[in-house]
2 protein chains.
Amino acid sequence: MRNEITPVRHGTMRARNLAVVLGEISRRQPVSRARLADVTGFTKTTVSSLVAALKDAGLVREDGPVRDGERGRPATAVSVNGDRVAGLGLEVNVDYLAACVLDLGRRIRHRHIVAADNRARDPERVIGALTDLAERAIAAAGEQDLTVAGAVVALPGTLDRAGGRVRTAPNLGWRDVAAGDLLTAGLPPLALPADQDNEANLAALGELWFGDGPELGSYVHVSGEIGVGAGIVVDGRVFRGAHGFAGELGHVVVDPAGPPCACGGRGCLEQVAGQEAILRAAGLPDVTATSTAGPDGPLSALVTLLNDGDERALSAVRRAGDALGRALGAAVNLLDPDTIVLGGIFSALAPWACPAVEAALAGGTGVVRSAPPRLAVSRLGGDAAALGAAALVVERVMNDPARLLTEGSPRPHER
Amino acid sequence: MRNEITPVRHGTMRARNLAVVLGEISRRQPVSRARLADVTGFTKTTVSSLVAALKDAGLVREDGPVRDGERGRPATAVSVNGDRVAGLGLEVNVDYLAACVLDLGRRIRHRHIVAADNRARDPERVIGALTDLAERAIAAAGEQDLTVAGAVVALPGTLDRAGGRVRTAPNLGWRDVAAGDLLTAGLPPLALPADQDNEANLAALGELWFGDGPELGSYVHVSGEIGVGAGIVVDGRVFRGAHGFAGELGHVVVDPAGPPCACGGRGCLEQVAGQEAILRAAGLPDVTATSTAGPDGPLSALVTLLNDGDERALSAVRRAGDALGRALGAAVNLLDPDTIVLGGIFSALAPWACPAVEAALAGGTGVVRSAPPRLAVSRLGGDAAALGAAALVVERVMNDPARLLTEGSPRPHER
DNA sequence: CTCAATTCGTTCAGGCTCTGGACTAATTAA
DNA sequence: TTAATTAGTCCAGAGCCTGAACGAATTGAG
């Protein structure tokens, strides 16, 4: 339970230092060995040795001599090599499947979204279709001479990550599905084990890497589609809580006298600001089952109404924004983020919802903190979670490149 | 912003491994070197060398041979030596000051609480009085042959921990006070730098070490006195958020139409479940300025009424419990703790407040998580934060014993 | 009582990784 | 052409962990 401090051996030391140097290269590229020695505190000897190992693994590249205008021998520029290793991100959502291949240089090399009504299908069938998508993505990566180092799947539900199982995914109708096993069975063996994570967490990570990223600092990323979820990122890491269920913003109660929720509570945020609730309040049919599947599908009608100034639609969105702002007020008091990021359906509705969100937020977060958190809107599309999943694989490679050096054989004695 | 991976050298490796072994000794004491080699994965040689270093520093002790009933050479039992090093915990609160000396074996060696109305006094005077208390504590430690390795101060307000400053402590009337400098100036130099932290965070840590501790896992510890605060502990570590203001449970809005709060919001939990609000609702005068200062002072009248079955008092506490439960519901959804611990004034009121808290909590935390969080009541007294502060010093020694080995000289290149 | 078996802890050679000074390489300024 | 400057490599050395061998202390069988 207590945070474990693990033994360190020479191998561990080497592995960590490889990560240190790789990280510094990524942050400052192109960069010379001499400068790396400066910023890391290593000797030039050590830096040379570490860079050589990274170069052998294809993670890093020499770009040729560079003179800085100063005198002295010109430096050899070292950069991350984006052309050898990539991460695969996968996403299962209610009305689509998505795959995304991201190279070490954080360039998207392949991206594919397939509309599919996954509510109507068996979990096995869905994972089967996802595996097909993954195989095509791996093939596409291979054609670009990229090796896929690992895969992460984004799933809309509560997970038992250690066991590789989906506990419940209410919007998919799943219950205790061994998604991890099903997926690994269908995939060629990768250097890193396949992993899964909550869609909201991964969408938040997608924002970190592809949105306004580093400027955001610590933030809460709201990512509603059918349900309403939030990914909490503190210092670049996802906060998961004790069992991985942190960030369940959708079931924060915003109106104790409100309508009952499937979760057993009353007046959950999801019942007021979820996609179906907003559509209903705006007088639109619940179109989730119609042909316009895929990201942003069911919302287009609502956006049209809003653009036309339809009063009922506007008030529905305002009411949702107010409820969202109040729930976020609690999140701000409890989690102390720098920024709130609106993603999912709320990024499309932001022009109309933001004022209400901001007002409610300001009313609930007092002078305790010096500045109220900023409110930002995500510019990422519907497959933010797939992007985040791929980015997570890339991040893992960057944080422990040694795993790719030892050619697949697991590192000794990790306890 | 991103979590930094720091370079590892031989010295770092050694330092971490010392911590590994010391931690394992603490967890399993008395324990043989052979068993330590088993559980850590180190060779017997390495364990012997690490234990020898810890023994030289006085952190560890050999207890003589022990036969396990099995055959073979009997083992030499190794245990944490609680008789050489200690941590000092200090606490400034509205109506008292406290100090506490805790040895490495987690035994309390000295404990002193002084009632004092700190609202009426200059910050310099308060810190001065605290320094006196600290000096007496250090002297008391010295008489028991204990070296005080470091000190941590618990303060009821928002802090700039890096700068050693109190930003605001509304209940003390402090604003931008350089508490860290004032304290270090008055104290003899210690091996570890003096540090400060929020009272709620440290009270939560106190619960971890002295309450039901390890069983709690991840938990939210409510610690209201004048204000209402919460310390969030995940896997044995305090969660602080981006600026260290996480856990501001007192300013979660529980009634948007409620009374205005000093923080600028309306209907904050503190306005309904804070000590003054409860006393007022129960028809009691606000006695915080009277002579009954010190922990639990102003509450005794209320507890008497509750024991007498006074309907007005009972309903006031029920209403507070309901509000607290609703705010905690949001905390559970966002933070996903195993347990909620009621401390501060709520531990005294628990018999009457718990049913309401539990009911409200159950209504706001649905089936998303498999089991609702347990509700526990702290058995710690008013100086829980001072205990937690001292425990934090001890924890730091345990997590990095090497700092005490190198005789005060700071370790090289920590960047 | 003696000897084999067993377990504990130490000793010593060896290997991995970082350090630090010396050295070579490549360039600019005089 | 030469001195100065900066980049990167080489090589001996030191710190720390590993692993096999060994002495120490005890139990149980003969």
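Each chain gets a letter, A, B and so on, in the order the sequences are listed, and its residues count up from 1. All values below were derived from every heavy atom in this structure, side-chain atoms included, with hydrogens, water molecules and symmetry-related copies excluded.
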Straight-line distance of B/Leu392 CG to B/Leu387 CG, nearest 0.5 Å: 12.5 Å
By a strict heavy-atom criterion of less than 4.0 Å, which residues belonging to residues 44-63 of chain B are in contact with DNA chain D? B/Thr45, B/Thr46
Nucleotide [N], atom [atom2] - distance to [atom1] of [X] in whole Å:
| X | N | atom1 | atom2 | result |
| --- | --- | --- | --- | --- |
| A/Arg33 | C/dA26 | CZ | P | 14 Å |
| A/Arg16 | C/dC18 | CZ | P | 12 Å |
| A/Leu18 | C/dT17 | CG | P | 9 Å |
| B/Arg9 | D/dC16 | CZ | P | 13 Å |

If you assign each of A/Val78 and A/Met13 to its closest nucleotide in DNA chain D, which residue comes earlier from the 5' end? A/Val78
If each of A/Arg35 and A/Gly72 is mapped to the nucleotide of DNA chain D with the nearest heavy atom, which maps nearer the 5' terminus, i.e. the 5' end? A/Gly72
Looking at B/Asp83 and B/Arg109, is there a salt bridge between them, counting it only when a charged N and a carboxylate O are closer than 4.0 Å?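 The answer is yes: the pair qualifies as a salt bridge.
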Do the side chains of A/Glu62 and A/Arg33 get close enough for a salt bridge, i.e. N-O under 4.0 angstrom? yes
Looking at [X], does any N or O in its side chain come under 4.0 Å of the phosphate oxygens OP1/OP2 on [N]?
| X | N | result |
| --- | --- | --- |
| B/Arg73 | C/dT6 | no |
| B/Asn17 | D/dC17 | yes |
| A/Arg14 | C/dC18 | yes |

Residues that B/Ser32 engages under side-chain contact (heavy atoms from CB on, under 4.5 Å), provided they are two or more places apart: B/Ala34, B/Arg35, B/Ala75
Can you name the closest pair of heavy atoms from A/Asn81 and A/Gly58 and give their distance?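 Nearest pair, atom of A/Asn81 first, then A/Gly58: ND2-O, 3.3 Å.
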Which heavy atom in B/Gly41 sits nearest to a heavy atom in A/Arg9, and how many Å separate them?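 Distance-wise, the nearest heavy atoms are O-NH2, 3.2 Å.
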With distance as the sole criterion, do the side chain of A/His10 and the base of D/dC16 form a donor-acceptor contact below 3.5 Å?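 Between D/dC16 and A/His10, which were checked side chain against base, a qualifying N/O pair under 3.5 Å is present.
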